[in-house]
Amino acid sequence: MKEKKDEKIEKGTNKKAIGGIIAIVVIAVIAVVGYVGFNAYQDFNQRAKLKEELTTLSKKTLGKDDFNTEIKTSGDYSKVEKTVKDYLQRYSDAIKSVTNESAKIANVQGAVAKDKLEERKGEVQQIKTNIEGSINTLIDMSTEENIKKEIEKEKVSAKYVDLYNEVMIGSLSNKLAKEKESMSNAKDKVMELFDKLIESYDYLLQHKDSWELENNQIMFSNSTHLREYNKIIQELQTKARLLTLTR
């Protein structure tokens, strides 16, 4: 007797689960844009200009807005300003990448014909690679050590190194450490979800003779293969639910 199993996971489930990483990653906005609000700028002119620019930056949204705006200060102050803006722009670009790649999940949902399975698997693997790379960038950039290294490249005096560190770190080192840990944990869960999704494609590829695609449903003719496939899908759905619950 022919048995069937709809491979289709509820539309939006994986998208929502994978998209859950966005919520985790965007928490880092708090850690990074929190650098404003310091009252240590006493140098009239250049310091006032720098503070004004930082206040403007604090109103922007990481992952959406442009941070590489015109440099308003001069001399070594401009090096501090440019380093801050470049850093925030790279951080913002990494968030954009996670957001954009997560959105692609909607395009790889549902059952797929046998001759398209390898292509679908490749698409999912590429999305996984891109998201993993962007999250790794965010994790690295959320470390105090990485942030401090940026200004060292500019070869400025200790005064400006201290100013930069105050602006970009200040009292936020503990927050940064916590956000780094959160993103690391979230990344592991997202990668596990991708691995399970890829496993489902591998199973279908390994048992091509046991199923057919009819009316966008996967129809199994072998009950053992059906049970094994169902188990994979159930594990996939469980991982997706757990990820959404930990958002």
Side-chain angles (χ1 to χ4, degrees), residues 21-102 130-187:
I21 187 61
I22 302 173
I24 301 297
V25 169
V26 172
I27 293 175
V29 173
I30 299 172
V32 178
V33 300
Y35 64 85
V36 296
F38 292 88
N39 299 310
Y41 306 108
Q42 301 297 329
D43 282 0
F44 304 98
N45 208 338
Q46 293 301 312
R47 281 185 173 241
K49 288 183 180 180
L50 179 60
K51 183 176 181 180
E52 182 179 353
E53 278 301 288
L54 296 178
T55 300
T56 298
L57 291 179
S58 73
K59 298 175 182 178
K60 293 177 177 288
T61 302
L62 286 165
K64 180 179 179 181
D65 295 326
D66 178 24
F67 289 84
N68 269 332
T69 54
E70 178 186 357
I71 302 300
K72 299 295 181 65
T73 56
S74 61
D76 284 342
Y77 278 100
S78 69
K79 294 180 180 179
V80 172
E81 181 186 349
K82 186 175 187 305
T83 301
V84 170
K85 289 181 175 180
D86 285 348
Y87 202 89
L88 291 175
Q89 186 63 56
R90 293 202 309 278
Y91 200 102
S92 184
D93 288 343
I95 293 178
K96 286 180 184 177
S97 177
V98 172
T99 303
N100 293 338
E101 292 300 319
S102 296
N130 293 344
I131 288 180
E132 183 176 26
S134 295
I135 296 176
N136 284 339
T137 295
L138 288 167
I139 290 172
D140 290 341
M141 293 186 73
S142 294
T143 63
E144 184 174 324
E145 179 183 10
N146 194 303
I147 292 174
K148 286 183 174 181
K149 283 182 179 179
E150 289 301 303
I151 197 64
E152 294 173 2
K153 301 174 185 177
E154 299 300 324
K155 306 297 183 183
V156 293
S157 67
K159 169 186 175 180
Y160 296 98
V161 171
D162 291 342
L163 175 60
Y164 171 84
N165 288 336
E166 180 183 4
V167 166
M168 288 295 280
I169 298 175
S171 62
L172 297 172
S173 57
N174 289 333
K175 287 185 179 180
L176 290 171
K178 290 179 181 178
E179 300 313 329
K180 177 177 177 291
E181 181 179 359
S182 294
M183 285 188 285
S184 296
N185 292 335
K187 186 195 78 170

Once rounded to the nearest 0.5 Å, what's the spacing between atom [atom1] of [X] and atom [atom2] of [Y]?
X: Thr56; Y: Lys72; atom1: OG1; atom2: NZ; value: 7.0 Å
X: Leu50; Y: Leu163; atom1: CG; atom2: CG; value: 6.0 Å
X: Ile147; Y: Ile169; atom1: CD1; atom2: CD1; value: 5.0 Å
X: Glu132; Y: Ile135; atom1: CD; atom2: CD1; value: 8.0 Å
X: Lys79; Y: Lys82; atom1: NZ; atom2: NZ; value: 11.5 Å
X: Leu88; Y: Asp65; atom1: CG; atom2: CG; value: 11.5 Å

*Judged by atom type as modelled, is there a donor-acceptor pair below 3.5 Å linking the side chain of Lys60 to the main-chain atoms of Asp66?*
yes
_Between Thr143 (side chain only) and Ile139 (backbone N and O only), is there a donor and an acceptor less than 3.5 Å apart?_
no
_Closest non-hydrogen atom pair between Val161 and Ile151, with its separation_ = CG1-CG2, 4.1 Å
*Of the non-hydrogen atoms in Ser97 and Ser134, which two are nearest, and what is the gap between them?*
OG-OG, 2.6 Å
Using the side chain to side chain contact (heavy atoms under 4.5 Å, CB included) criterion, which residues pair with [X]? Sequence neighbours excluded.
X: Glu150; answer: Thr83, Tyr87, Arg90, Asn146, Lys153, Tyr164
X: Lys85; answer: Glu53, Leu57, Asn68, Thr69, Ile71, Glu81
X: Lys96; answer: Gln89, Ser92, Asp93, Asn100

*Please test Lys148 against Glu152 for salt bridge (charged side-chain N to carboxylate O under 4.0 Å, His left out), starting from the C-alpha separation and ending with a verdict.*
CA-CA 7 Å; Lys148 286 183 174 181; Glu152 294 173 2; over 6 Å; no
